[in-house]
Chemist: 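Input: one structure, supplied below.
From a predicted model like this one, the values you see are computed outputs, not experimental measurements.
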Amino acid sequence: MTSPSIVWFRDDLRLADHPALQAALDRDEPVIGLYVLDDESPGIRPLGGAARWWLHHSLTSLAERLRERGSTMVLRRGPAEKVVAEVAEDAGAGAVFWNRRYGQPERDIDAALKTALREDGLTVQSFAASVLFEPWTVATGSGTPYSVYTPFWRACLSLPTPREPLPEPGAIPGISQAPASDELDSWELLPQHPDWAGGLREMWEPGEPAARHRLHEFLTEDSSSYEAARNTPSAGSTSLLSPRLRWGELSPYTIWHESVQAGVGGMFLSELGWREFAWHTLFHFPDLATKNLRRDFDAFPWPPPDPEHLAAWQQGRTGFAIVDAGMRELWQTGYMHNRVRMVTASFLIKNLMIDWRIGEEWFWDTLVDADGASNAFNWQWVAGSGADAAPYFRIFNPELQAKKFDPQSRYIAEWAPDHVSDSPPPQIVDLGETRKAALQAYEAVKGASRR
């Protein structure tokens, strides 16, 4: 009698370099893929709208690829700790494998489930697959987490080289009678009334094959201009791999080794390092999305958010060309160039004096690449409240940023053409006055740090 292996997919929607899948294959029993949509367990953050769209299509792709190789994907919705145990019982499984997660609520679920399944006699193992260096392996000389990026990344690079990625399996043996599965459409991940995802469909093709294609395309065609032009939003020199990493359609090990083999390193690999820094920070500070990492920022006197200013920012109607272009790009495509992300975030926080957490929530809902670590980590970086943060008094002037990084207004013309017309829209605030007000408010933080 068979005792199938369950591979519990999470943010690792791929077949290549998937240690949990490889462990199941090594066990030489039928393999069942499982995905659980869990927006019920305590502490689990429900996905935003753009993320739900991506998930639907990436799951569709993964399920098809499993079927082609002989296996099947089971979809269930509910609290993961309960659902995984139920599927294991329904399948008569002898083992459950997964790749590790690093948020505290997720770790709590995984630890409890691992204990319970082992007590029931199942083999349960977890693996490193979504970060290059496990968070507990990188620490300062005194054993504390790093708070500054450069020494953090230097410490990472002093460790053994990240392992080679695992090959994509050919055949994956399936089970004749798989446990019952939800229909993906019943999860209603796609927007319907209205269907606002037209721009996402136009720009993106979720799934591992498209991710592999984009990595190859970047390394062979676009990487040569990356360091020189990565801050120019109209240059098309960014990798566009962030949603692929967020959903695990590519592993960081694959990107690392294929980049090195292609002679691409330096600044590009340091961006993988920045992602690592975000995940390590979340591991040590689980409330990253809701609490200031630098606790003296708790004294910052945020005024009640102006609803008209907030709506103008969300809709790209601030009157500042690069801000409006970025926010419209975000709404249309679920993506925004990284330089413009910094400018739009700084404008919300320091010119509109709106709490960074409100901006983080908007990006969480609208970005296809918003993950549990990087989204909050980067918002806190801009706010000045996070790890290795830009000082609060570093305020990105959107007009100067546009002149420096979009001097011919190509990006602005693409996303906010009304700003290159004879009568551009009015600006909702005065940059000089709002800068002065922000710096005055920052005095409360400085006072708190001295106490």
Chemist: Give me the atom names and distance for the closest heavy-atom approach of Pro160 to Phe133.
Modeler: O-CE2, 3.8 Å
Chemist: Do Asp11 and Trp247 pair up side chain to side chain, a donor and an acceptor below 3.5 Å, judged on atom types alone?
Modeler: no
Chemist: Can any side-chain N or O of Asn292 pair as donor or acceptor with the backbone N or O of Arg294 at less than 3.5 Å?
Modeler: no
Chemist: Could you please spell out the steps behind the salt bridge (charged side-chain N to carboxylate O under 4.0 Å, His left out) verdict for Glu217 and Arg212?
Modeler: CA-CA 9 Å; Glu217 183 180 57; Arg212 298 284 311 177; over 6 Å; no
Chemist: Using a distance-only test with no angle check, is there a side-chain donor-acceptor pair under 3.5 angstrom linking Ser234 and Thr232?
Modeler: no
Chemist: Would you say the side chains of Thr318 and Asp324 form a donor-acceptor pair under 3.5 Å?
Modeler: yes
Chemist: If we ignore hydrogens and angles and just use 3.5 Å, is the side chain of Thr115 paired with the main-chain N or O of Ala111 as donor and acceptor?
Modeler: yes
Chemist: Any idea how Trp274 and Phe377 line up, ring-wise: parallel (<30°), tilted (30 to 60°), or perpendicular (>60°)?
Modeler: perpendicular
Chemist: Testing the 3.5 Å rule here: is there a donor-acceptor pair between the side chains of Trp53 and His57?
Modeler: yes
Chemist: Any donor-acceptor pair under 3.5 Å linking the side chain of Asp17 with the backbone of Leu166?
Modeler: yes
Chemist: Using atom types as modelled and distance alone, determine if a side-chain donor or acceptor of Trp279 lies under 3.5 Å from a backbone N or O of Glu134.
Modeler: no
Chemist: Which heavy-atom pair separates Ala278 from Leu288 by the least distance, and what is that distance?
Modeler: O-CD2, 4.5 Å
Chemist: State yes or no: are the ring centers of Phe277 and Tyr146 separated by less than 6.0 Å?
Modeler: no
Chemist: Look only at the side chain of Trp54 and the backbone of Arg244, and say whether a donor-acceptor pair between them is shorter than 3.5 Å.
Modeler: no
Chemist: Do Arg154 and Tyr149 form a cation-pi contact, if we require the NZ or CZ to be under 6.0 Å from the six-membered ring centre and within 45 degrees of the ring's axis?
Modeler: no
Chemist: Less than 4.0 angstrom from a charged side-chain N to a carboxylate O is my criterion; do Arg201 and Asp195 meet it?
Modeler: yes
Chemist: Tell me whether the count of non-hydrogen atoms from other residues, nucleotides or ligands lying under 6.0 Å of CD in Glu414 goes above 12.
Modeler: yes
Chemist: Salt bridge between Arg214 and Glu249, side-chain N to carboxylate O under 4.0 Å?
Modeler: no
Chemist: Donor-acceptor check, side chain of Asp406 to backbone of Ala402, threshold 3.5 angstrom: yes or no?
Modeler: no
Chemist: Between Phe152 and His280 (judged by ring centroids, cut-off 6.0 Å), do the two rings come close enough to count as a pair?
Modeler: yes
Chemist: Looking at Arg65 and Glu168, is there a salt bridge between them, counting it only when a charged N and a carboxylate O are closer than 4.0 Å?
Modeler: yes
Chemist: So which heavy atom on Arg163 is nearest to which on Ala129, and how close?
Modeler: NH2-CA, 4.0 Å
Chemist: Quick test of your reading of the model: are Asp110 and Arg10 salt-bridged, counting only N-O distances below 4.0 Å?
Modeler: yes
Chemist: Applying the ring-ring contact (aromatic ring centres under 6.0 Å, His included) test to Trp379, which of Trp364, Trp356, Phe363 qualifies?
Modeler: Phe363
Chemist: Does the Gln401 side chain pair with the main chain of Phe396, one donor and one acceptor, at a distance under 3.5 Å?
Modeler: no
Chemist: Name the orientation class of the two ring planes belonging to Phe218 and Phe268 (parallel below 30°, tilted from 30 to 60°, perpendicular beyond 60°).
Modeler: tilted
Chemist: Do you know which two heavy atoms are closest between Glu81 and Ile109, and how far apart they sit?
Modeler: N-CG2, 4.0 Å
Chemist: I'd like to know whether NZ of Lys114 has more than 12 heavy-atom contacts from other residues, nucleotides or ligands below 6.0 angstrom.
Modeler: yes
Chemist: Taking all non-hydrogen atoms of both residues into account, name the closest pair between Trp187 and Asp182 and its distance.
Modeler: NE1-OD2, 3.1 Å
Chemist: Less than 4.0 Å between a side-chain N and a carboxylate O, is that true for Asp430 and Arg435?
Modeler: no
Chemist: Does any donor atom in the side chain of Ser237 or Arg230 lie under 3.5 Å from an acceptor atom in the other side chain?
Modeler: no
Chemist: Using atom types as modelled and distance alone, determine if a side-chain donor or acceptor of Asn99 lies under 3.5 Å from a backbone N or O of Ala20.
Modeler: yes
Chemist: Nearest 0.5 angstrom please: Glu271 CD to Leu241 CG, how far?
Modeler: 11.5 Å
Chemist: Ignoring hydrogens and geometry, is there a side-chain-to-backbone donor-acceptor pair from Tyr35 to Ala63 under 3.5 Å?
Modeler: no
Chemist: For the aromatic rings, using the six-membered ring if either is Trp, is the centroid distance between Phe283 and Trp136 under 6.0 Å?
Modeler: yes
Chemist: Any chance the side chains of Lys350 and Thr434 put a donor and an acceptor closer than 3.5 Å?
Modeler: no
Chemist: Do side-chain atoms of Gln380 reach the backbone of Leu293 as a donor and acceptor pair under 3.5 angstrom?
Modeler: yes
Chemist: Whether Asp418 and Arg328 form a salt bridge (side-chain N of Lys/Arg under 4.0 Å from carboxylate O of Asp/Glu) is what I want to check.
Modeler: yes
Chemist: How long is the span from the CZ atom in Phe97 to the OG atom in Ser126, to the nearest 0.5 Å?
Modeler: 11.0 Å
Chemist: Any chance the side chains of Ser61 and Ser58 put a donor and an acceptor closer than 3.5 Å?
Modeler: no
Chemist: Which of these, Glu361, Glu360, Glu106, sits in a salt bridge (charged side-chain N to carboxylate O under 4.0 Å, His left out) with Arg45?
Modeler: Glu360
Chemist: Would you call the rings of Trp302 and Phe300 parallel, tilted or perpendicular if under 30° counts as parallel and over 60° as perpendicular?
Modeler: tilted
Chemist: Ring-plane angle category for Trp8 and Trp98, please: parallel below 30°, perpendicular beyond 60°, tilted otherwise.
Modeler: perpendicular
Chemist: Shortest non-hydrogen contact from Ser41 to Ala80?
Modeler: OG-N, 3.7 Å
Chemist: Would you verify whether the NZ or CZ of Arg341 falls within 45 degrees of the ring axis of Tyr335 while also being under 6.0 Å from that six-membered ring's centre?
Modeler: yes
